Amino acid sequence: MSAKQWSGMMDGDESYAGSKSFYRFEKTVRALTGFKYIIPTHQGRAAEKILFSIVGAQGKWIPNNTHFDTTRANVEYSGAEAVDILNETGKHPNLIADFKGNMDIAALKNFIEEKGAANIPLCMMTVTNNSGGGQPVSMANIRQTKKVLQKHGIPLFIDACRFAENAYFIKLREKGYSKKSVREIAREMFS
Ligand SMILES: Cc1ncc(COP(=O)(O)O)c(C=O)c1O
């Protein structure tokens, strides 16, 4: 984390009820994501545990570009199977490419056909792809993934640990985004 983020934590009001930090957090996350309801958890893995104890079960499948280790653990603890559907360039550390965190769209389509949409409660997208070297995902790939899922009524969940870094990579590397702010790009990712 940056020095500003660490010092922000020191300045945080951690009281259990009525903490002013919560309202700041809620306002910021709401502005970025457009979500009405914001539920904080003490760590990402705690959120994963809640999520997958509700949607995960034996016979269910959870695709992702690459599951972070705690995500995979929480999926598999529920009895579901965690499957990585990363594009080929992301599997070769020596290759140089702009968006090595992208989902393999053709493989995702085949996966849904094979397993059946009814057995896929949601699909995840990890930005940036932490277990794959922190590689970014392009806006085009987020849109294509969403389009494929929408056709089958499968919700897309963004594991947004490094959404700001991902937005910055889009600004630097994807056509049409150099003049947009990181905040605007992040909003578009979440939209
Ligand atoms: C992509 C991703 N998902 C989930 C987690 C889990 O979050 P936490 O460490 O807050 O439990 C991490 C942690 O680094 C992560 O990078």
Side-chain angles (χ1 to χ4, degrees), residues 1-14 16 19 21-22 24-26 28-30 32-33 35 37-56 60-87 89-91 93 97-104 107-108 120-139 141-142 145-146 149 154-171 173 182 185-190:
M1 296 204 300
S2 67
K4 271 223 159 129
Q5 286 171 319
W6 279 113
S7 58
M9 273 173 64
M10 296 299 117
D11 192 34
D13 168 10
E14 296 281 341
Y16 283 112
S19 119
S21 312
F22 170 72
R24 251 184 73 205
F25 172 79
E26 184 187 47
T28 308
V29 178
R30 192 174 276 159
L32 283 168
T33 62
F35 289 136
Y37 300 108
I38 313 296
I39 303 175
T41 53
H42 70 276
Q43 269 194 291
R45 65 202 65 186
E48 291 163 351
K49 167 79 171 144
I50 296 167
L51 176 61
F52 293 112
S53 53
I54 295 166
V55 303
K60 302 282 179 197
W61 303 81
I62 311 288
N64 199 333
N65 47 351
T66 309
H67 288 271
F68 184 68
D69 52 12
T70 63
T71 322
R72 174 176 293 282
N74 278 304
V75 168
E76 295 187 349
Y77 186 73
S78 79
E81 294 232 17
V83 181
D84 296 339
I85 308 190
L86 187 65
N87 81 98
T89 57
K91 297 175 191 167
D98 286 343
F99 292 105
K100 292 175 72 177
N102 279 358
M103 188 83 78
D104 182 333
L108 177 65
I120 306 171
L122 58 87
C123 171
M124 299 198 74
M125 177 70 102
T126 305
V127 297
T128 59
N129 184 15
N130 196 12
S131 294
Q135 295 290 333
V137 178
S138 71
M139 191 72 82
N141 190 256
I142 296 174
T145 302
K146 177 73 188 175
L149 297 173
I154 301 169
L156 172 63
F157 273 58
I158 297 186
D159 180 339
C161 280
R162 288 164 193 83
F163 75 89
E165 289 84 344
N166 200 89
Y168 186 57
F169 276 116
I170 288 174
K171 183 178 172 69
R173 296 179 178 179
V182 168
I185 295 170
R187 282 200 191 111
E188 189 175 329
M189 283 162 54
F190 288 122

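Remember, predicted model here, so these are calculated numbers, not experimental data. Order of appearance sets the numbers: ligands from 1, and atoms from 1 within every ligand. Positions are given from 1, in the same order as the sequence printed here.
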Self-check item: Residue pairs fulfilling salt bridge (Lys or Arg N to Asp or Glu O under 4.0 Å) with at least one residue in residues 64-78, sequence neighbours excluded
Solution: Arg72-Glu76, Arg72-Asp84
Quiz item: Quick one: does Asn65's side chain have a donor or acceptor within less than 3.5 Å of a partner on Thr126's backbone?
Solution: yes
Self-check item: Pairs involving residues 42-52, ordered by first then second residue, that meet side chain to side chain donor-acceptor pair (under 3.5 Å) (sequence neighbours left out)
Solution: Glu48-Thr70, Glu48-Thr71, Glu48-Asn74
Quiz item: Taking the six-membered ring for Trp, is the centroid-to-centroid distance between Phe35 and Phe190 below 6.0 Å?
Solution: no
Quiz item: Looking at Thr33, Leu32, Ile185, which one forms a side chain to side chain contact (heavy atoms under 4.5 Å, CB included) with Phe163?
Solution: Leu32
Quiz item: Under the side-chain hydrogen bond (donor to acceptor under 3.5 Å, both in side chains) test, which residues partner Thr145, sequence neighbours left out?
Solution: none
Expected rows: ligand 1 N/O, protein N/O, dist below 3.5 Å:
residue	atom	partner	partner atom	Å
ligand 1	3 (N)	Asp159	OD1	3.3
ligand 1	3 (N)	Asp159	OD2	2.7
ligand 1	9 (O)	Arg45	NH2	2.8
ligand 1	10 (O)	Gly44	N	2.8
ligand 1	11 (O)	Gly44	N	3.3
ligand 1	11 (O)	Arg45	N	2.8
ligand 1	11 (O)	Arg45	NE	2.5
ligand 1	11 (O)	Arg45	NH2	3.4
ligand 1	16 (O)	Asn130	ND2	2.7
ligand 1	16 (O)	Arg162	NH1	2.8

